[in-house]
Amino acid sequence: MFFNSLSFAVFLPIVFVFYWFVFNKTKSNQNALLIVASYYFYSCWDWRFLFLLVFSTFLDYYTGIQIEKAKTETARKFWFWLSITANLGFLAVFKYYNFFAASFSELINGFGLQTSPLLLNVVLPVGISFYTFHGLSYVIDIYLKRIKAEYNFVDYSLFVSYFPLLVAGPIERATHLLPQVKVKRTFDFEKAKQGVYQIIWGLFKKVVIADTCATYANAIFDHYTSMNSLSLLLGAFYFAFQIYGDFSGYSDMALGMSKLFGLDLLRNFNYPYFSRDIAEFWRRWHISLSSWFRDYVYIPLGGSKGNKLNQVRNVFVIFLLSGFWHGANWTFIAWGFINALYFLPLLLLNKNRSNIETVELGWDFSSLKVFFSILSTFSLSCLAWIFFRAKSISGAFDYIARIFSDQKFVAQYLENERYSYEFVLLIFIFILVEWNSRTKIEPISGRYSLLKVALCITAIIALGTYSDYKEFIYFQF
């Protein structure tokens, strides 16, 4: 059941009505309903993996309590490492085992020894990377005595399994979401209205921007050997907006529908393509994941303290882990490595915290410099996205090489029966809308909100891509 599906359009209003008109008497009733709705939502993907979700939830719930109750440090460490090992073990088996087995086999074959790896024929459970990180952060925070263990299993289960964030984030923290689910929510019309606006804008980004960009990006990447330089550049450009519209659109919808239930989720995107350097980009892109690695990996390793060599090591560790988190393929690791290389000069020159404030442009020379900083950062991101999208590292290098070797900049007719440049104008309009709204959560609220709602809905109906049904990219992670 996708957020952009008709079945979800039926599911969400039913849950909303029951939540506020039937189960609204107590916090326990509200949470129980959301748990049932969340488990039903997840079972629509594959009911068999619902047992894995429940087991993972119970494991962290139980080990969290045992860590808090433990009388000795040895007992605390035992329960802590039991949870960590089990959580990472699930990820290793379902997400990474085949990758490691195939890579090891290729390595052995490189020495002239023929091997046939034993691969597992298993489906990756949807959302496993997200709900596993929910549980990991909870247990780590208890072990470090940052929070107390949660003894109400329903409340904790809702923190892990809440359906808007269950399959593609944001990656929540117990310190942020658990206090909200432990109190009864009352209906707030203004918050609900803002939620509706955010849902509509997220849906627009998904079906109008992301899914349409996908038809162009797929046509170019899947046939890149017959594409000229202009089409290859446009392919990277389209994919950049496909993944942004797809993932930030999902996050907007998740945050918006949570406001309908009186809950606030962590913001996951803050107009990242207006960043002036790669450090600012990573403060604005997939914020919940970046901050997770910062708090639970980067800072424990020493962060920006210590000598430069240790700082460089820490940067490469978190970027490589971030790449590997996205998928079991060397292309994702290469994508993380490239972003680490981008970040390195800023770290060495102590400029990784230079651009904190919201970007502004005027009619002066300094604004021209800012504009080119934004353009260069976006271009570097597009270059890295080629590795993210490519099927292999060699394919990514070949794609890039053809950009510079072909040197033909004429429109091509694509497999999707469109010319390669046809969607660029709408993307530029989208960029202008987001630029004018970069200090807001979404562009719809404020003056003329009803008109903007009508325009968005019209665009969703008239311009949305529906013929080739597309799931959200981050569901596969």
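- Interatomic distance, CG of Leu203 versus CG of Asn4, reported as 6.5 Å (0.5 Å rounding).
- Proximity of Tyr162 to Leu265: side-chain heavy atoms (C-beta onward) are separated by under 4.5 Å at one or more points.
- When atom types are taken as modelled, the side chain of Ser56 and the backbone of Leu53 share no donor-acceptor pair closer than 3.5 angstrom.
- To the nearest 0.5 Å, atoms CD1 (Ile386) and CD1 (Ile393) are separated by 14.0 Å.
- Counting only residues at least two apart or in different chains, salt bridge (charged side-chain N to carboxylate O under 4.0 Å, His left out) contacts with residues 435-451 comprise Glu360-Arg438.
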Checklist entry - When you look at Phe163 and Phe11, which way does the ring-ring contact (aromatic ring centres under 6.0 Å, His included) test go after all the steps? => result CA-CA 11 Å; Phe163 73 86; Phe11 168 80; 5.3 Å; yes
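- Contact of the Val126 side chain with the Tyr42 side chain is registered, since non-hydrogen atoms from C-beta on lie closer than 4.5 Å.
- The nearest pair of heavy atoms linking Ile278 to Thr377 is N-CG2, 4.1 Å.
- The salt bridge (charged side-chain N to carboxylate O under 4.0 Å, His left out) pairs that include a residue from residues 371-397 are Asp222-Arg389, where partners are two or more places apart or lie in different chains.
- Not less than 6.0 angstrom separates the ring centroid of Phe293 from the ring centroid of Phe319.
- For Phe133 and Trp292, the ring centers are positioned less than 6.0 Å apart.
- Rounded to the nearest 0.5 angstrom, Arg284 CZ and Asn270 CG are separated by 4.5 Å.
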Next on the checklist: Test side-chain contact (heavy atoms from CB on, under 4.5 Å) on Val167 and Phe130; report intermediate values, then the result.
Outcome noted: CA-CA 7 Å; Val167 296; Phe130 291 92; over 6 Å; no
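- Within the cation-pi definition used here (under 6.0 Å to the ring centroid, within 45° of the axis), Lys206 does not qualify as a partner of Trp201.
- Remark: side-chain polar atoms of Asn436 are paired, donor with acceptor, to backbone N or O of Leu432 under 3.5 angstrom.
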Item to check | Full working for side chain to side chain donor-acceptor pair (under 3.5 Å) between Gln412 and Ser231 | outcome: CA-CA 7 Å; Gln412 284 185 288; Ser231 296; 2.8 Å; yes
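- Listed by first and then second residue, the salt bridge (charged side-chain N to carboxylate O under 4.0 Å, His left out) pairs that reach into residues 248-260 are Lys205-Asp252, sequence neighbours excluded.
- The two residues Ala240 and Trp385 come nearest to each other via the heavy atoms CB-CD1, 3.8 Å.
- No donor-acceptor pair closer than 3.5 Å links the side chain of Asp141 to the backbone N or O of Ile147.
- Side chains of Ser304 and Tyr298: a donor-acceptor N/O pair is absent below 3.5 angstrom, by distance only.
- Aromatic ring centres of Phe397 and Phe387: separated by under 6.0 Å.
- Rounded to the nearest 0.5 angstrom, Tyr138 OH and Ser83 OG are separated by 10.0 Å.
- For Ile128 against Phe90, the heavy-atom pair with the smallest separation is CD1-O, 4.1 Å.
- Below 30°, between 30° and 60°, or above 60°: for Phe261 and Tyr19 the angle between ring planes is above 60°, a perpendicular geometry.
- Looking at Thr212, its side chain does come within 3.5 Å of a backbone N or O of Val208 through a donor-acceptor pair.
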Next on the checklist: side chain to side chain donor-acceptor pair (under 3.5 Å), that's the test. Do Asn355 and Asp277 meet it? Break it down for me.
Outcome noted: CA-CA 8 Å; Asn355 296 306; Asp277 58 53; 2.6 Å; yes
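- Scanning for ring-ring contact (aromatic ring centres under 6.0 Å, His included) contacts around Phe159 gives His134, Tyr156, with sequence neighbours left out.
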Next on the checklist: What verdict does the ring-ring contact (aromatic ring centres under 6.0 Å, His included) test give for Phe371 and Phe274, after you've listed the backbone C-alpha separation in whole Å, the side-chain angles of each residue and the deciding distance to 0.1 Å?
Outcome noted: CA-CA 9 Å; Phe371 174 78; Phe274 300 140; over 10 Å; no
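- Between Trp335 atom CH2 and Ser381 atom OG the span is 9.5 Å, to the nearest 0.5 Å.
- For the residue pair Glu172 and Ser137, the shortest heavy atom distance occurs at O-OG, 3.9 Å.
- Ring centroid separation for the pair Phe343 and Trp282 does not come in under the 6.0 Å cut-off.
- Atom CD1 of Ile429 has more than 12 heavy atoms from other residues, nucleotides or ligands within 6.0 Å.
- Under the salt bridge (charged side-chain N to carboxylate O under 4.0 Å, His left out) criterion, no residue pair touches residues 1-12, with sequence neighbours excluded.
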Next on the checklist: As a quick check of understanding, evaluate salt bridge (charged side-chain N to carboxylate O under 4.0 Å, His left out) for Asp264 and Lys191, giving each step before the final call.
Outcome noted: CA-CA 10 Å; Asp264 291 309; Lys191 176 181 279 192; 3.1 Å; yes
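- Checked by atom type and distance alone, the side chain of Asn87 never pairs as donor or acceptor with a backbone atom of Leu136 at under 3.5 Å.
- Using a distance-only test at 3.5 Å, with no hydrogens or angles considered, no donor-acceptor pair links the side chain of Gln198 to the main chain of Leu255.
- Remark: side-chain polar atoms of Tyr342 are paired, donor with acceptor, to backbone N or O of Leu380 under 3.5 angstrom.
- Aromatic rings from Phe430 and Tyr273 are positioned such that their centres are separated by 6.0 Å or more.
- Closest non-hydrogen pair, Leu266 versus Pro170, comes out as O-CG, 3.2 Å.
- Taking a 6.0 Å sphere around CZ of Phe409, one finds it holds more than 12 heavy atoms contributed by other residues, nucleotides or ligands.
- Across all their heavy atoms, Arg353 and Arg283 have their closest contact at NH1-CD, 3.4 Å.
- Taking the six-membered ring for Trp, Trp325 and Phe332 have ring centres at least 6.0 Å apart.
- Put simply, CZ on Phe388 and CG on Leu383 are 14.5 Å apart, with the number rounded to the nearest 0.5 Å.
- Few gaps surround NZ on Lys308; more than 12 heavy atoms of other groups in view lie less than 6.0 Å from it.
- Listed for the Asp398 side chain is no donor-acceptor partner under 3.5 Å among the backbone atoms of Ser394.
- With a 6.0 Å radius and a threshold of 12 heavy atoms from other residues, nucleotides or ligands, Phe316 has its CZ atom above the threshold.
- Using a 4.5 Å cut-off on side-chain heavy atoms (C-beta onward), Ser291 and Arg173 make contact.
- Checked against the 6.0 Å centroid threshold, Phe3 and Tyr250 count as a close aromatic pair.
- Not a single donor-acceptor pair under 3.5 Å links the side chain of Arg402 to the backbone N or O of Ser226.
- Under a 3.5 Å cut-off, the side chain of Lys95 and the backbone N or O of Ser129 do not form any donor-acceptor pair.
- In Trp20, the CH2 atom is crowded: over 12 heavy atoms of neighbouring residues, nucleotides or ligands sit closer than 6.0 Å.
- Ring-centre distance between Phe239 and Tyr216: not below the 6.0 Å cut-off.
- Checked against ring-ring contact (aromatic ring centres under 6.0 Å, His included), Tyr197 has no partners two or more places apart in sequence or in another chain.
- In this structure, Phe237 has its ring center closer than 6.0 angstrom to the ring center of Phe241.
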